[in-house]
Amino acid sequence: MHTQVAIIGAGPAGLTLAHMLHLQGISSVVIECRGREHIETRTRAGILEQPTVTLFEELGVADRLNREGLSHNGFYVRFDRSTHHLDFHRLIGGNATVYPQQEVVKDLVAHRLAAGGPILFDTAVTAIETTADEARLRLDHRGTTTELTADFVAGCDGFHGVSRAHLPAAGLREFTRTYPVAWLGILAHTTPTTPEGMYCAHESGISVHSMRGPRITRQYLQVPAGTDLADWPDDRIWDELTVRSASDDHPELERGEIVDRSLAPLRSYVCETMQHGRLFLLGDAAHIVPPTGAKGLNLAVSDACVLSHALGGWYRAGTRAHLDAYSQTCLPRVWKAQHFSWTLTTTLHAISDDPMDWPLRRARLARWVESEAEQAALGEVYLGLPFPTPWRHPAA
Ligand code: RFL
Ligand code: PHB
């Protein structure tokens, strides 16, 4: 089997890229090691930047997102028992949209299959070989091995995928920061405590209060890295969320049935370069941000936009320049998102024992609340910096 672009992974990066290539008449095969049901029900991200939503609209995949997504102007911060709304929309325009990652995946899978696919589910890429002329992938589908050749490989296989290992160590720079904390995330049948998401900074750690609908909340709690979920029965989770979100201006947090729980480590990672020969890395395969600030999925979509533009140039006009510049084009935006996530992570979490830590964090929070200049600077990145390359439909 041969295709123009082999795409490893049916997450937001791989599926967005496949759709953008399809619209340009470029063939691709998406290879996904998990089943369709698994990827369409996995609870993960929830906040889409304005450029991500605008891109999905331009690609014609946003009908349900526009109907069901919740449009937010900013977020709330709570500290010292007081609640403050940061209205980024008023200052810089644009919105953040709450629309769960698994719904993005469902929409993109449906469009991909309607366009004739293919998506090879339950199929793992087990080896990648690239030569000057082509790439060869070994695929394993329930014990049966096949081969796929392609002009290019898009490694969209997440942080634990196989494609990053194909970059030669010489010339590779990796940047890693591991935080000593994790997020314990829940989905619960309760009413959101504020109309838009809220970060609560407390001396014992952050709690995050987000939502998926009028009666379903997504909430997160800072816990030590290495925490065992078994140590967190429902009452302990609610007690801790209640302490961290206590305020003098809102009623106590509502408790309800918890229907999903998970743990996510907090780390930052960037791999420079993001490409080698015919292989290009996108999304979490190339970089990870801590979830504070909600940037990961949006970066995955932004990378897909850059690569689809570069591949379009190659197949339409034989231009290699945009492919050669792929990493350089993506990385400045990746680092700005890293900086934003680091700022939010270090301001909102209790990580250091240094007695100056909390007063300094509190001073930074006070500046966010009192200064429109600070809010505009935060809002520009939270609502989404422009993608490095715009999407231009080939027919336009
Ligand atoms: P994904 O989504 O991990 O998809 C990779 C896919 O590749 C498959 N795969 C393979 N397939 C074939 N062969 C192999 N050898 C393979 N190895 C792996 C996997 O099964 C998988 O389906 O990567 P992608 O596309 O780069 O997307 C990245 C996002 O998933 C991630 O950045 C976000 O979830 C991060 N994130 C958030 N991002 C946002 O933009 N907004 C948010 O609100 C937000 N909240 C979050 C988050 C991540 C969180 N956790 C779980 C870390 C909240 C949390 C708690
Ligand atoms: C979410 O709604 O899942 C969410 C909210 C805020 C974050 C990350 C994720 O920083």
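Counting starts at 1 for both ligands and their atoms, following the listed order. What you see below is based on every heavy atom in this structure, not just the backbone, and it leaves out hydrogens, waters and symmetry mates. What you see is a predicted model, and the numbers here were worked out from it, not measured in a lab.
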In ligand 1, the atoms that come under 4.0 Å of a heavy atom of Ala124 are 13 (N)
Atoms of ligand 2, numbered as shown, that sit under 4.0 Å from any heavy atom of Tyr199: 6 (C), 7 (C), 10 (O)
Please work out, at 4.0 Å between heavy atoms, whether the side chain, the backbone, both, or neither of Arg212 comes within that distance of ligand 2. side chain
Which part of Leu344 is near ligand 2, with near meaning a heavy atom under 4.0 Å away: side chain, backbone, both or neither? neither
Going by atom types alone, do Thr130 and His166 pair a side-chain donor with an acceptor below 3.5 Å? yes
Does the distance from a Lys or Arg side-chain N to an Asp or Glu carboxylate O, for Asp239 and Arg255, drop under 4.0 Å? yes
Ligand 1 N/O within reach of Pro12 N/O, cut-off under 3.5 Å: yes
Less than 4.0 Å is my threshold; does some heavy atom of Gly197 fall inside it relative to ligand 2? no
Ligand 1 contacted by Gly185 (non-hydrogen, < 4.0 Å): no
Looking at Glu49 and Arg333, is any side-chain nitrogen of the basic one under 4.0 Å from a carboxylate oxygen of the acidic one? yes
Quick check: Gly46 and ligand 1, any N/O pair under 3.5 Å apart? yes
So is there a nitrogen or oxygen of Ile8 less than 3.5 Å from a nitrogen or oxygen in ligand 1? no
Electrostatic pair Glu374-Arg364, nearest N-O below 4.0 angstrom: no
Take atom 16 (C) of ligand 1 and look for protein heavy atoms under 4.0 Å from it; say yes if you find one, no if not. yes
Hey, is Glu49 one of the residues with a heavy atom under 4.0 angstrom from ligand 1? no
Using the six-membered ring wherever Trp is involved, compare the ring planes of Tyr382 and Phe340 and label them parallel, tilted or perpendicular (cut-offs 30° and 60°). tilted
Please confirm whether Gly283 comes within less than 3.5 Å of ligand 1 when only nitrogen or oxygen atoms on both sides are compared. no
Measuring from the heavy atoms of Leu15, does anything fall under 4.0 Å of ligand 1? no
What residues join Leu263 in its hydrophobic cluster, counting side-chain heavy atom gaps under 4.5 Å, either direct or through other members? Leu184, Ile186, Leu221, Val223, Leu229, Trp232, Ile237, Trp238, Leu241, Leu253, Ile258
For Arg218, counting its heavy atoms only, list the atoms of ligand 2 lying under 4.0 Å from any of them. 3 (O)
Is it the side chain (CB and beyond), the backbone, both or neither of Tyr99 that lies under 4.0 Å from ligand 2, heavy atoms counted? neither
Purely on distance, is any nitrogen or oxygen of Ala294 under 3.5 Å from one on ligand 1? yes
Below 3.5 angstrom, do we get any N/O pair linking Gly296 and ligand 1? yes
Starting from atom 2 (O) of ligand 2, locate the nearest protein heavy atom and write down its residue, its atom name and how far away it is, to 0.1 Å. Ser210 OG, 2.6 Å
Are any of the N/O atoms on Arg34, whether in the backbone or the side chain, positioned under 3.5 angstrom from an N/O atom of ligand 1? no
Short list, please: which atoms of ligand 1 are under 4.0 Å from a heavy atom of Asp284? 26 (O), 28 (C), 29 (C), 31 (C), 32 (O)
Does Tyr220 reach ligand 1, in the sense of a heavy atom lying below 4.0 Å from it? yes
